[in-house]
Structure formats: structure tokens, C-alpha cells
Amino acid sequence: MPHLHHDDEEAWYVLEGTLRFRTGEREFDAPAGSAVLGPRGVAHTFWNPSREPARYLLAMTGNTWGMIQELHAGGANDPEALRAIYRRHGCQLLD
């Protein structure tokens, strides 16, 4: 899901396979050995564009980790509940 962080940054290091990223208006592939920064204030998302496995390391702040834990805990079954979780962690879920 495209989103942005108002105060935090994220960084990925691709270990295996390829990930596709969209940061701002730019879309690109990041094969194994690539590092990608998701700067604060810039809309971004990523996904595995193929059926081949992809593995990566994701570096994030404690705030972002808290958001991911809250998202994975469930209970956000509608779009407004998801947006509320993102807002609580200084993020914005984009359509």
C-alpha cells in the first residue's frame, strides 16, 4: 500500500530475488545486492513482482516497528481503521 512517513525513514537491502519499488513518481526494480531508502515525506511502496522468492532486510525506527506490530495484530478490518493506525504512528496511508 502506498504510504508516507512524516518523521521516519525506512531502508531495504535485497538479499535474494528482486523487489519493485515506487518512491514518489519513480518505479524501479532492486535486484539482490541493492539498497533502497524510503525518505520521510515521500510516498512509497514495494512488492515482489515475480513468483520467485525474494528476501530482504528492512531497517526502520521503533515507531514504524510499532505500527507494523499493530497492523499485524489485526482488528483493522476497514479502510478507516487502517488509516487510524497509520496516523497514530505519524504516517499517512495513500489511495
Side-chain angles (χ1 to χ4, degrees):
M1 289 184 194
H3 63 280
L4 63 83
H5 304 264
H6 294 288
D7 300 313
D8 301 315
E9 296 180 327
E10 292 178 289
W12 294 261
Y13 182 78
V14 182
L15 298 167
E16 176 184 339
T18 298
L19 294 177
R20 182 163 295 153
F21 286 85
R22 186 177 328 133
T23 59
E25 299 297 319
R26 188 171 165 237
E27 189 171 302
F28 58 94
D29 287 341
S34 299
V36 177
L37 176 67
R40 82 183 117 219
V42 176
H44 61 278
T45 191
F46 72 102
W47 64 96
N48 181 346
S50 75
R51 293 183 182 263
E52 299 300 316
R55 292 185 320 126
Y56 58 93
L57 296 174
L58 176 56
M60 67 188 84
T61 65
N63 183 46
T64 300
W65 175 243
M67 180 180 72
I68 290 171
Q69 289 181 312
E70 192 172 347
L71 289 168
H72 287 234
N77 297 322
D78 64 77
E80 190 48 46
L82 284 173
R83 284 184 182 84
I85 292 171
Y86 275 75
R87 279 192 302 270
R88 276 196 293 279
H89 294 276
C91 297
Q92 183 178 350
L93 186 58
L94 305 170
D95 296 322

Nearest 0.5 Å, please: how far is [atom2] in [Y] from [atom1] in [X]?
X: Trp65; Y: Asp8; atom1: CH2; atom2: CG; result: 14.5 Å
X: Ile85; Y: Gln69; atom1: CD1; atom2: CD; result: 12.0 Å
X: Met60; Y: Glu9; atom1: CE; atom2: CD; result: 13.5 Å
X: Arg55; Y: Leu19; atom1: CZ; atom2: CG; result: 11.5 Å
X: Trp47; Y: Thr18; atom1: CH2; atom2: OG1; result: 13.0 Å
X: Leu58; Y: Ile68; atom1: CG; atom2: CD1; result: 6.0 Å

State whether Arg20 and Asp29 are salt-bridged, where the test is any N-O pair (Lys NZ or Arg NE/NH1/NH2 against Asp/Glu carboxylate O) under 4.0 Å.
yes
Which pair of non-hydrogen atoms, one from [X] and one from [Y], has the smallest distance, and what is that distance?
X: Leu94; Y: Ala43; result: CD1-CB, 3.4 Å
X: Asp7; Y: Arg40; result: O-NH1, 3.4 Å
X: Trp12; Y: Gly38; result: CZ3-N, 3.7 Å
X: Leu82; Y: Leu71; result: CD2-CD2, 3.6 Å

Suppose the criterion is ring-ring contact (aromatic ring centres under 6.0 Å, His included): which pairs have a residue in residues 74-95, not counting sequence neighbours?
His3-Tyr86
Minimum side-chain heavy-atom gap [X]-[Y] below 4.5 Å:
X: Tyr56; Y: Leu15; value: no
X: His5; Y: Asn63; value: no
X: Arg88; Y: Glu70; value: yes
X: Val36; Y: His44; value: no

Can you say whether the rings of Phe46 and Phe21 are parallel (under 30°), tilted (30 to 60°) or perpendicular (over 60°)?
parallel
Counting neighbours of CD on Glu25 that are heavy atoms of other residues, nucleotides or ligands and sit closer than 6.0 Å, is the number greater than 12?
no
Is there a continuous path of hydrophobic side-chain contacts, each under 4.5 Å between heavy atoms, that joins Met1 to Met67?
yes
